[in-house]
Peer 1: 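I'd like to ask you about the structure that follows.
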Amino acid sequence: MYDYELFAKLEFEVSVSDKQKINDLKDSLTKSNGIKDVEVREDLNRIYVKTSLPTAIVHEKIENLTGNLAVLRGMGSGISNSVENLDAAVCELSNDEHLSLNIKGVIRFVQLDEQRCAIDGIVDGVTPGEHAFNICEYGDLSN
């Protein structure tokens, strides 16, 4: 159906000053299944990863390999022949301040092409078991 693989480009901020650690990080990530390309910008403390893996897996790999905290700074389409001007969005989750629950999270949406959207994220504070959420086309749910 499609003549290309599904990849997203992730941007992480992580402080790594040791040249050997940077080389080891790039080498290890490049050899990982599901990772197509890695670019390290030492001057910006940025790592760019083109991958088909979930964000959380790449995030964990970077923190384990560097021993430092990594922060996801961006996510976009990694398809080389992607359609121009595709959209991306981020949804921050939180509960009503009057509830005793402490639910929070972030969900990222990246339009990969005209027909497909990658959805990736994390939600903390929910009880074990099955949960669901709805995705609406428009953010205004007042009606």
Peer 1: Kindly indicate whether the side chain of I35, heavy atoms from C-beta on, has any atom under 4.5 Å from the side chain of T30.
Peer 2: no
Peer 1: Could you pull out all residues at least two apart from R41 that satisfy salt bridge (charged side-chain N to carboxylate O under 4.0 Å, His left out)?
Peer 2: D43
Peer 1: Does the side chain of I62 come within less than 4.5 Å of V58's, by heavy atoms?
Peer 2: yes
Peer 1: Do L44 and L10 share a hydrophobic cluster, counting only Ile, Leu, Val, Met, Phe, Trp and Tyr and linking them when any side-chain heavy atoms are less than 4.5 Å apart?
Peer 2: no
Peer 1: Once you round to the nearest 0.5 Å, how far does CZ of R108 lie from CD1 of I122?
Peer 2: 8.5 Å
Peer 1: For the atom pair OH (Y48) and CG (D37), what is the distance rounded to the nearest 0.5 Å?
Peer 2: 12.5 Å
Peer 1: May I have the step-by-step check of side chain to side chain contact (heavy atoms under 4.5 Å, CB included) for E42 and I22, ending in yes or no?
Peer 2: CA-CA 8 Å; E42 296 173 55; I22 291 169; 3.4 Å; yes
Peer 1: List the atom of T66, the atom of K21, and the distance in Å for their closest heavy-atom pair.
Peer 2: O-NZ, 2.9 Å
Peer 1: Please step through side chain to side chain contact (heavy atoms under 4.5 Å, CB included) for the pair I103 and D124, ending with a clear verdict.
Peer 2: CA-CA 6 Å; I103 299 172; D124 290 323; over 6 Å; no
Peer 1: Please examine the side chains of F12 and R46, heavy atoms only from C-beta on, and report whether any two atoms are closer than 4.5 Å.
Peer 2: no
Peer 1: Identify the two heavy atoms, one from I47 and one from V14, that lie closest to each other, and give their separation to 0.1 Å.
Peer 2: CD1-CG1, 3.2 Å
Peer 1: Is it the case that the side chain of N45 and the backbone of E13 share a donor-acceptor pair, with hydrogens and angles ignored and the cut-off at 3.5 Å?
Peer 2: no
Peer 1: Do the side chains of T55 and L72 get nearer than 4.5 Å, heavy atoms only?
Peer 2: yes
Peer 1: For E63 and A70, indicate whether the former's side chain and the latter's backbone hold a donor-acceptor pair under 3.5 Å.
Peer 2: yes
Peer 1: Is there side-chain contact between L53 and K61, with at least one heavy-atom pair below 4.5 Å?
Peer 2: yes
Peer 1: Taking side chain to side chain contact (heavy atoms under 4.5 Å, CB included) as the definition, give me every residue that meets it alongside L65, ordered by chain and number, with sequence neighbours left out.
Peer 2: L25, S28, L29
Peer 1: How many angstroms lie between atom CD of E11 and atom CD of E39, to the nearest 0.5 angstrom?
Peer 2: 10.0 Å
